[in-house]
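Quick caveat, the model's predicted, so the values are computed rather than measured.
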Amino acid sequence: MSAHKRVIGPPKGAAQAAQAARDVLGSRLRDDSDTGTPEDETAHTQVHTPHTSLTPVSGAGPRQRREPAGKTRKTYYLAADTVAALDEAVERIRSALGGRVDRHEAIGAIITAGAAQTDQIVAALRAELLRDLAPGEGGQ
């Protein structure tokens, strides 16, 4: 063995890659009030073309999230016990199918099944509201 240690420097192009990363991150974090030139923005978008299986979120504001084609991200605030029941149902579905179904597919199936029962849900909620409004029955 040789007593001479071989010094390995950064890979070729590492400085350019680091600068490109700084430029991309800087453009994402840039305040709208920055006075960057429009040419810089155009060059950036031409270099980084979007992946074809992703679609931009419309109306997401200055920071846009990318979504898989045909998918939509929504946020709902639910009661803790509802979330616990949903999580349990998802795990039961995934377990019954040997884990071959993704979590989002199980949730989608549950929501689709619920949407198909809208008339029954409306009737049940209406009956609950009427019970709450009835005098002497927990209502006013």
To the nearest 0.5 Å, atom CD of Glu128 lies from atom CG of Leu133 at 11.0 Å
### Message
Between Glu105 and Asp102 (side chain of the first, backbone of the second, donor and acceptor by atom type, cut-off under 3.5 Å), is there such a pair?
### Response
yes
- Message: Please check: side-chain N/O of Thr82 versus main-chain N/O of Leu78, any donor-acceptor pairing under 3.5 Å?
- Response: no
Students should find that the hydrophobic cluster of Val90, defined by side-chain heavy atoms under 4.5 Å apart, otherwise consists of Leu86, Ile93, Leu97, Val101, Ile107, Ile110, Ile111
Assess the residue pair Lys74 and Thr72 against the criterion (side chain to side chain contact (heavy atoms under 4.5 Å, CB included)); give the C-alpha distance rounded to whole Å, side-chain angles, the decisive distance to 0.1 Å, and a yes or no.
CA-CA 6 Å; Lys74 293 274 187 177; Thr72 301; 4.2 Å; yes
With sequence neighbours left out, the residues meeting side-chain hydrogen bond (donor to acceptor under 3.5 Å, both in side chains) with Arg103 are Asp87
### Query
When you look at Arg94 and Arg100, which way does the side chain to side chain contact (heavy atoms under 4.5 Å, CB included) test go after all the steps?
CA-CA 7 Å; Arg94 295 190 73 222; Arg100 291 187 180 102; over 6 Å; no
